[in-house]
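Chain identifiers are assigned alphabetically (A, B, ...) following the order of the sequence lines, protein sequences preceding nucleic acid strands; residue numbering begins at 1 within each chain. Remember, predicted model here, so these are calculated numbers, not experimental data.
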Amino acid sequence: MKMAIPTADGEFTAHYSEHGLAQLDFPGDQRPNVHDNQHVAQAREWHVLTTRAIEEILAGNDPAELPPFDLSRGTDFQRRVWDELLRIPAGHAKSYGEVAEAIGSPKATRAVGAACGSNPIPVIIPCHRVIAANGKRGGYSGAAGWKEKLLACEGAQLL
DNA sequence: ATTTACAATATGA
DNA sequence: TCATATTGTAAAT
């Protein structure tokens with residue numbers, strides 16, 4: 001199930017599976033991913049939540065409500081990372097090391113980076129709020145410019 | 001099954 | 001500044 005999300009910054013594309021939001025793409029950079037299912041009505045409800053959440057984030061606020069995610073592709077470690085990312089409030093940034101420590105493996109900083117890289121739902125799962133240890137930017141797969149843009153939008157404090 | 005490469009970091013030279 | 005060990009995954013051998 002593929003649905004567009006028009007925003008002031010372009011049209012995002014959300015992909016829904018039968019379990020929830022499975023993937024989110026930046027404007028103009030759609031990854032080919034076809035989810036065919038019959039749960040159209042349910043996907044519409046999720047889509048409302050997704051759209052509202054993205055609008056909040058682009059405005060620099062915390063989304064009040066999120067759609068369910070389909071993390072079938074993720075490992076336990078990755079889910080721990082993503083869950084931790086969701087706890088970062090708007091306008092705040094954590095380093096890879098801090099996230100690694102928060103999930104119980106202080107030395108798995110590199111693994112955290114890998115988990116962020118395989119994050120299927122950018123923006124809502126705020127992988128852009130994860131930065132290198134000394135305020136460096138680190139990377140951002142696919143849409144590098146968005147990291148700075150989103151952080152600037154929130155006025156994030158880069159320690 | 002083993003090696004390599006990542007969006008990292010701390011340490012030692 | 002550069003080399004290396006460390007950690008979890010995925011992809012390539």
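Checked against side-chain contact (heavy atoms from CB on, under 4.5 Å), Leu66(A) has the following partners two or more places apart in sequence or in another chain: Ala53(A), Pro63(A), Phe69(A), Leu86(A), Ile124(A).
Between Gln78(A) and Ser118(A) there is a side-chain heavy-atom pair separated by less than 4.5 Å. Arg44(A) is listed as a side-chain neighbour of Met3(A), based on a closest heavy-atom distance under 4.5 Å.
A straight line from CG of Asn119(A) to P of dA7(B) spans 14 Å, rounded to a whole angstrom. Note: CG (Asn134(A)) to C1' (dA7(B)) measures 16 Å, nearest angstrom. In this structure, Glu101(A) places its CD atom 12 Å from P of dT9(B), rounding to the nearest Å. In this structure, Glu148(A) atom CD and dA7(B) atom C1' are separated by 14 Å, rounded to whole Å. Following rounding to the nearest Å, Glu98(A) (CD) and dA8(B) (C1') show an atom-to-atom distance of 13 Å. The distance from atom CG of Leu151(A) to atom P of dA7(B) is 18 Å, rounded to the nearest whole Å. Between the P atom of dA10(B) and the OH atom of Tyr96(A) lies a distance of 14 Å, rounded to the nearest Å. Rounded to an integer number of Å, the gap from Arg73(A) CZ to dT9(C) P is 13 Å.
Among the nucleotides dA10(B), dT6(C), dA7(B), the one closest to any side-chain atom of Lys107(A) is dT6(C). The side chain of Thr109(A) sits closest to dT9(B) out of dA7(B), dT9(B), dT7(C). Of the candidate nucleotides dG8(C), dT9(C), dA7(B), dT9(C) has the atom nearest to the side chain of Gln78(A). Of all nucleotides listed (dA7(B), dT9(B), dG8(C)), dG8(C) comes nearest to the side chain of Ala111(A).
In plain terms, the two heavy atoms of Ser17(A) and Trp46(A) that are nearest each other are O-CZ3, 3.3 Å. Taking both residues in full, the closest heavy atoms of Cys116(A) and Leu85(A) are given as SG-CD1, 4.1 Å, listed atom of the first, atom of the second, then distance.
Here His128(A) contributes atom NE2 and Tyr140(A) contributes atom OH; the two are 6.5 Å apart, rounded to the nearest 0.5 Å.
Residue contacts for Phe77(A): at a heavy-atom cut-off of 4.0 Å it reaches the sugar-phosphate backbone alone, with no base atom in range. Among the protein residues, Ala114(A) comes within range of the nucleic acid bases, having at least one heavy atom under 4.0 Å from a base atom.
In secondary-structure terms, DNA chain C builds stems of at least 3 consecutive Watson-Crick or G-U pairs, each pair having both distances under 3.5 Å, at B:1-6 with C:8-13, B:8-13 with C:1-6.
The phosphate of dT9(C) has OP1 or OP2 within less than 4.0 Å of a side-chain N or O from Thr75(A).
No salt bridge links Asp76(A) with Arg80(A); every basic N to acidic carboxylate O contact stays at or beyond 4.0 Å.
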